[in-house]
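Okay, so here's the structure we're looking at.
The basis for the numbers below is simple: all heavy atoms, side chains too, and nothing from hydrogens, waters or symmetry mates. Since we're looking at a predicted model, the values are computed, not measured.
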Amino acid sequence: SMFRLRPDDVSGELVLERHTGDDWFALFGIDRAIALAPDFEGANFICARWDRSPFPVMLMMNVSTREGRASLLNAELKVVGGDHPVARKLETKPQFEQVLTEVFGLSLDGHVIDAVWKRIGRGQPS
């Protein structure tokens, strides 16, 4: 994927955009405001506790790879880039653990993997 930073005269922000093939898609704006510890605490609290936040109920992971990007949304794996994009549902806990280790570079304790798999894999047998 190609990205660019574009100054936005209206907001005064730098806007990070991703090239979508025919056009550019704005991902987010970056301002020059100073953030202090209470700003981070408040944002984290909202992400973790707000009833409309997706973060407490969904597993969302993204990583850049040599070939492109990999993303995991609960048990749905997508790998883009290279010659053959992959989209598949992880059906077993061993598949889930393998993806965490080999794709995302994570080494987690078994009890953590068990707890996460139970939530996102709905406790399917491994």
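- Of the inter-residue distances, the one linking D31 atom CG with L14 atom CG reads 9.5 Å to the nearest 0.5 angstrom.
- One hydrophobic cluster holds both L72 and V86 under the rule that ILVMFWY side chains link at heavy-atom gaps under 4.5 Å.
- Between atom CG of residue L108 and atom CZ of residue F96 there is a gap of 8.0 Å, rounded to the nearest 0.5 Å.
- Taking each heavy atom of S53 and I46 in turn, the nearest pair found is CB-O, 3.9 Å.
- The distance from the CG atom of L77 to the CG atom of N74 is 12.5 Å, given to the nearest 0.5 Å.
- For the atom pair CD1 of I113 and OG of S107, the computed distance is 7.5 Å after rounding to the nearest 0.5 Å.
- Between C47 and P56 the shortest heavy-atom distance is O-CD, 3.4 Å.
- Residue W117 is not grouped with residue M58 when hydrophobic side chains (ILVMFWY) are merged at heavy-atom distances under 4.5 angstrom, including chains of intermediate members.
- Put simply, the side chain of P54 reaches to within 4.5 Å of the side chain of M60, judged on heavy atoms.
- With sequence neighbours left out, the side chain to side chain donor-acceptor pair (under 3.5 Å) criterion links D39 to no other residue.
- Linking ILVMFWY side-chain heavy atoms closer than 4.5 Å, directly or via other members, places V103 and L106 in a single hydrophobic cluster.
- Of the possible donor and acceptor atoms, none in the side chain of D109 sits under 3.5 Å from a partner among the backbone N and O of H111.
- Looking only at distances, no side-chain donor or acceptor of E102 sits under 3.5 Å from a matching main-chain atom of V99.
- Looking at Q95, its side chain does come within 3.5 Å of a backbone N or O of E91 through a donor-acceptor pair.
- Every pair passing salt bridge (charged side-chain N to carboxylate O under 4.0 Å, His left out) that includes a residue from residues 7-18 is listed here, sequence neighbours excluded: R4-E17, R6-D8, R6-E17.
- We find the CZ-CE distance between F104 and M61 to be 5.0 Å, quoted to the nearest 0.5 Å.
- R69 CZ to S64 OG: the interatomic distance, rounded to the nearest 0.5 Å, is 4.0 Å.
- The minimum heavy-atom distance linking M2 with W24 is given by the pair O-CZ3, 3.8 Å.
- Clustering ILVMFWY residues whenever any of their side-chain heavy atoms sit less than 4.5 angstrom apart, transitively, puts L100 in a cluster other than the one holding F55.
- If you chain together hydrophobic residues whose side chains sit under 4.5 Å apart, F45 and L36 never meet in one group.
- Here the side chains of V15 and L5 are not in contact, with every heavy-atom distance at 4.5 Å or above.
- Nearest heavy-atom pair across R119 and V57 is NH2-CA, 4.0 Å.
- Atom CZ of F25 has 12 or fewer heavy atoms from other residues, nucleotides or ligands within 6.0 Å.
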